[in-house]
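Per chain, numbering begins at 1; letters A, B, ... match sequence-line order. Just so you know, these numbers use all the heavy atoms, side chains as well, and skip hydrogens, waters and symmetry mates.
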There are 2 protein chains.
Amino acid sequence: MDALDILVKHDIKPSLQRLAVMEYMLTHFTHPTVDEIFSSLSPSIPTLSKTTIYNTLSLFEEQGVVLYLGIDKKNARFDGNTSHHAHFRCKNCNAIIDIFNQKPEDVVLEGHPELVIDDVQTYYTGYCKNCKK
Amino acid sequence: MDALDILVKHDIKPSLQRLAVMEYMLTHFTHPTVDEIFSSLSPSIPTLSKTTIYNTLSLFEEQGVVLYLGIDKKNARFDGNTSHHAHFRCKNCNAIIDIFNQKPEDVVLEGHPELVIDDVQTYYTGYCKNCKK
DNA sequence: AATAAAATTGTAATGATTACAAATGTAATT
DNA sequence: AATTACATTTGTAATCATTACAATTTTATT
């Protein structure tokens, strides 16, 4: 499924800018920051504004086509892979690594039937291969 | 175990300010922000500086006596309960609720023997009892 | 007491994010 | 095709949590 299909399916009007951001997220599973996305797209869309990236990602997140990651203290990060997986962040080099081999957490929490769960994020922190001593 | 014991045990020199912050964290399991801690302690320690709260919580986190929570986009939050549990945040009222009935995630991740895991945080998001329709 | 080291404080800088109004683009209607 | 309404984008300015840093105060050491 390409960028256009995803936007249309989620009732997002596919403007040039939105298509470019969606396309970027589908080809860069690097958990990019707003700045990284902007820097990458800016040359090919010279009029692009950083505010548009913020607006677009905010819209995408509301519609569930990207995930917001709060794993990094400094910047918001986004993930175009919305399937269930966790994330690991290296304390030293700040690399963010996907963790796929995880059992899904319960979407209905035992002992908390009163809560409506929309999303679960699991963040591991430690040292990656290169940074551990 | 009281505030003094915890600080001494973790090689943290127990100054007046540090004791006050530790004491606060042991009596307020509300996942407070820096501002909330500062506002609460400021009247009884008139010279207190917000920078000291930042410094102190940063030190506490390094020494493992409090947990940093990245569950709230706006502010850092801290938890004086360092035992294993997850957190839920209501999208509407922003309340943060402890989730205790969770099985611990694997500290050694299957499929990722190269990673050294120091910490795991699980964040649920959704609507609390009062805010669900 | 004098000196050194550590902790605290206040102010200023940083920098990501948001607010907002103007400009542009798109769709609908006559 | 002109007109109107509406949605999107853009640029600038404001916000505000956090950090940097130097000065001051406190605590420990000789």
Next on the checklist: Near DNA chain D, counting only heavy atoms under 4.0 Å, which residues of residues 34-51 of chain B show up?
Outcome noted: B:Thr51

Checklist entry - Could you give the start and end, 5' to 3', of the contact zone on DNA chain C for chain B, using atoms under 4.0 Å from its heavy atoms? => result C:dA6 to C:dT11

Item to check | Those residues of residues 14-32 of chain B lying under 4.0 Å from DNA chain D by at least one heavy atom | outcome: none

Please output the side-chain donor-acceptor pairs of residues 1-9 of chain A that fall under 3.5 Å, not counting sequence neighbours, one pair per line with the distance.
{"from": "A:Asp2", "atom 1": "OD1", "to": "A:Asp5", "atom 2": "N", "distance (Å)": "3.1"}

Side-chain polar contacts of residues 16-30 of chain A - donor-acceptor pairs under 3.5 angstrom, sequence neighbours left out - could you list them?
{"from": "A:Arg18", "atom 1": "NH1", "to": "A:Lys13", "atom 2": "O", "distance (Å)": "3.0"}
{"from": "A:Thr27", "atom 1": "OG1", "to": "A:Glu23", "atom 2": "O", "distance (Å)": "2.9"}
{"from": "A:Thr27", "atom 1": "OG1", "to": "A:Tyr24", "atom 2": "O", "distance (Å)": "3.2"}
{"from": "A:His28", "atom 1": "ND1", "to": "A:Tyr24", "atom 2": "O", "distance (Å)": "3.0"}

Item to check | Those residues that, when tested against A:Lys50, pass salt bridge (Lys or Arg N to Asp or Glu O under 4.0 Å) (two or more places apart) | outcome: A:Asp35

Checklist entry - Excluding sequence neighbours, so at least two apart, what forms ring pair (Phe, Tyr, Trp, His ring centres under 6.0 Å) with A:His87? => result A:His31, A:His85

Item to check | For A:Lys91, salt bridge (Lys or Arg N to Asp or Glu O under 4.0 Å) partners two or more places apart | outcome: B:Asp118

Checklist entry - For DNA chain D, what residues of residues 64-82 of chain B have any heavy atom nearer than 4.0 Å? => result B:Lys74, B:Asn75, B:Ala76

Next on the checklist: Taking salt bridge (Lys or Arg N to Asp or Glu O under 4.0 Å) as the definition, give me every residue that meets it alongside A:Asp119, ordered by chain and number, with sequence neighbours left out.
Outcome noted: none

Checklist outcome for this item: With B for base contact, S for sugar-phosphate-only contact and - for none (protein heavy atoms under 4.0 Å), nucleotides 25-30 of chain D reads ------

Report all side-chain donor-acceptor pairs from residues 51-63 of chain A shorter than 3.5 Å, counting only partners two or more places apart or in another chain.
{"from": "A:Asn55", "atom 1": "ND2", "to": "A:Thr51", "atom 2": "O", "distance (Å)": "3.4"}
{"from": "A:Thr56", "atom 1": "OG1", "to": "A:Thr52", "atom 2": "O", "distance (Å)": "2.6"}

